[in-house]
K.L.:
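One structure is given below, represented as structure tokens, and several questions about it will come after.
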Protein chains: 2
Amino acid sequence: MTQLAVTVDRRSPVPLYFQVAEQLEQSIMAGTLAPGTRLPNEIVLADQLSLSRPTMRQAIRYLVDKGLLVRKRGVGTQVVQSQVRRSIELSSLYDDLIRSGQHPTTTVRDLRVVPAPEEIADALSLAEKAEVIRIRRLRYAQDEPLALMTNYLPQGLVDITPEKLEQHGLYELLRAGGVQLRVARQTIGARSATVAQARDLHETKGAALLTMTRTAYDDVGRAVEYGTHLYRASRYSFELTLIER
Amino acid sequence: MTQLAVTVDRRSPVPLYFQVAEQLEQSIMAGTLAPGTRLPNEIVLADQLSLSRPTMRQAIRYLVDKGLLVRKRGVGTQVVQSQVRRSIELSSLYDDLIRSGQHPTTTVRDLRVVPAPEEIADALSLAEKAEVIRIRRLRYAQDEPLALMTNYLPQGLVDITPEKLEQHGLYELLRAGGVQLRVARQTIGARSATVAQARDLHETKGAALLTMTRTAYDDVGRAVEYGTHLYRASRYSFELTLIER
DNA sequence: TAGTGGTCTAGACCACAGT
DNA sequence: CTGTGGTCTAGACCACTAC
């Protein structure tokens, strides 16, 4: 095992562990660190980079949590045998499409304040019939319809207009309004398209659709968004990485 | 903020951070620590339990990663505003059903050695046409069909028989054979049932089905299982928790 | 300005894997 | 046995938040 192509800049404001993790990640993605490769042990790595062992461990743990490395006590740390595609993160469909080079556009079909139905009030921890903002949108990617989305937000969080929604993702607007999303709980299922859904999505009645409902929470634990979405299964799927421990 | 009902036993072989995390988790689940509750800061907590700050941090980080707590620099650590249901983990459908009190049974429809199709050889990082074990099963929960499952495994990993598969989950057999699963990559989608699938699953032709394909890796990064499953959307869905950072 | 979590160090001892 | 990662300590300084 030779030296790794990693350097750290102690003047940088970027945390040391993160500089290391990012460079290792790039090497793995580029194939310089091939699947199956065993890394030197923590102590050696820490010495090579003049870091303390806990800091080196933090870098490695970051990549283990991402599913790029696996470690086994008494054995060592190795690169996982797989080319990784990007998997679900706490970002919106809009962000995902932008990143994957698609060209998302959005039509806002409805935006109004409504009394919260029981299910939504529950999910957002609001009093029943509290007023919430309801948004219905149709999302296109490369000029083909992709998803029908309905979202509910507590009032007063951020200023939302149809114009903004057609130019930005909902999560982008939330972040711009100072809302830091931290946790989301999702349920993914499937159903057959109704006539109206089929018409909107350019499918035929009965076509398989993916359903996703999500409640998102901010950095102080408040529920800030509830969404229920319908995706064309012919054009969309969810990828995820699971880690044991 | 009063004392937390947490104690640690230093003679126990269970790591201290884990003892703390488990007890906090129980308090959260039981409602003793209500959603929105703010925890004392790390230093105080560590002192109360006579632990070092890093150890206390590790306990908290564990729960943050699980989506039960959120933290914000300069502010503090709070309980997330939501009742959590169990979400997808690196376990098999069989394990999940057992845990949720259902009564899964399994019919093995086929178990044989076949030359690996290109797609499977790729996923498992094997030579094309290497021989693999192919398993086709039908899973029932409470006497109703739930899922049609096809799995591929490299030969020689563990000893698998139809009898064992009808009494245990596949992952259980792998673990019993010394295979430690660590990472899995999944894709979740939807499709309409064919006539044959509909017959097996007691659905009608064209019914919406959830699809899941998964490649699982062990603790040294080897691909050890590839599966492609079909679930009745009317009786099954996936739950997951996403964490930012 | 006071209080919080985020990062970092330099050690120590232990449990487990493979020889 | 040797080598690996897992746990734990007791400090230090910094960045961010809220008042």
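Chain letters run A, B, ... following the sequence lines, proteins first and then strands; every chain starts at 1.
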K.L.:
In whole Å, I'd like the distance from the CD1 atom of A:Ile60 to the C1' atom of C:dT7.
P.N.:
17 Å
K.L.:
Can you identify which nucleotide, out of C:dT4, D:dT9, C:dT9, has its nearest atom closest to the B:Leu16 side chain?
P.N.:
D:dT9
K.L.:
Measure the acute angle between the ring planes of A:Tyr226 and A:Tyr152, then classify it against the limits of 30° and 60° as parallel, tilted or perpendicular.
P.N.:
tilted
K.L.:
On the nucleotide C:dT7, are OP1 or OP2 found under 4.0 Å from the side-chain N or O atoms that B:Arg73 carries?
P.N.:
no
K.L.:
Can you check salt bridge (charged side-chain N to carboxylate O under 4.0 Å, His left out) on A:Glu239 and B:Arg185, steps first, answer last?
P.N.:
CA-CA 7 Å; A:Glu239 302 203 337; B:Arg185 304 240 146 76; over 6 Å; no
K.L.:
Would you kindly give the CZ-to-C1' distance between B:Arg182 and D:dG6, to the nearest whole Å?
P.N.:
12 Å
K.L.:
Tell me the interatomic distance from B:Lys72, atom NZ, to C:dG3, atom C1', rounded to whole angstroms.
P.N.:
14 Å
K.L.:
In terms of the nearest nucleotide of DNA chain C, which residue is placed more toward the 5' end: A:Val75 or A:Ser50?
P.N.:
A:Ser50
K.L.:
Answer yes or no: does a side-chain N or O of B:Thr55 lie under 4.0 Å from OP1 or OP2 of D:dT9?
P.N.:
yes
K.L.:
Within the pair B:Arg10 and D:dT7, is there a side-chain N or O less than 4.0 Å away from OP1 or OP2?
P.N.:
no
K.L.:
How would you label the contact of A:Pro15 with the nucleic acid (heavy atoms, under 4.0 Å): base, sugar-phosphate, or nothing?
P.N.:
sugar-phosphate
K.L.:
From CZ of B:Arg57 over to C1' of D:dA10, roughly how many Å is that when rounded to an integer?
P.N.:
15 Å
K.L.:
Find the distance B:Gln78:CD to C:dG5:C1' and express it as a whole number of Å.
P.N.:
13 Å
K.L.:
On DNA chain C, compare the nucleotides closest to A:Val14 and A:Gly74; which residue's is nearer the 5' end?
P.N.:
A:Val14
K.L.:
On the nucleotide C:dT4, are OP1 or OP2 found under 4.0 Å from the side-chain N or O atoms that B:Asn41 carries?
P.N.:
yes
K.L.:
One thing to verify: whether B:Asp159 and B:Lys164 come together as a salt bridge, which I'm taking to mean a side-chain N less than 4.0 angstrom from a carboxylate O.
P.N.:
yes
K.L.:
Separation of B:Glu42 atom CD from D:dA15 atom C1', in whole Å?
P.N.:
14 Å
K.L.:
So does B:Thr77 get a side-chain nitrogen or oxygen closer than 4.0 Å to the phosphate oxygens (OP1/OP2) of C:dG5?
P.N.:
yes
K.L.:
With distance as the sole criterion, do the side chain of B:Arg61 and the base of C:dG6 form a donor-acceptor contact below 3.5 Å?
P.N.:
no
K.L.:
If the threshold is 4.0 Å, N to carboxylate O, is there a salt bridge linking B:Arg182 and A:Glu244?
P.N.:
no
K.L.:
Is B:Glu42 salt-bridged to B:Arg61, going by a charged N under 4.0 Å from an acidic O?
P.N.:
no
K.L.:
What integer distance in Å separates A:Asp219:CG from D:dA18:C1'?
P.N.:
14 Å
K.L.:
Taking 4.0 Å as the cut-off, does a side-chain nitrogen or oxygen of A:Arg53 come that near to OP1 or OP2 on C:dT9?
P.N.:
no
K.L.:
On the nucleotide C:dT7, are OP1 or OP2 found under 4.0 Å from the side-chain N or O atoms that A:Tyr17 carries?
P.N.:
yes
K.L.:
To the nearest Å, how far apart are A:Ile43 CD1 and C:dC14 P?
P.N.:
16 Å
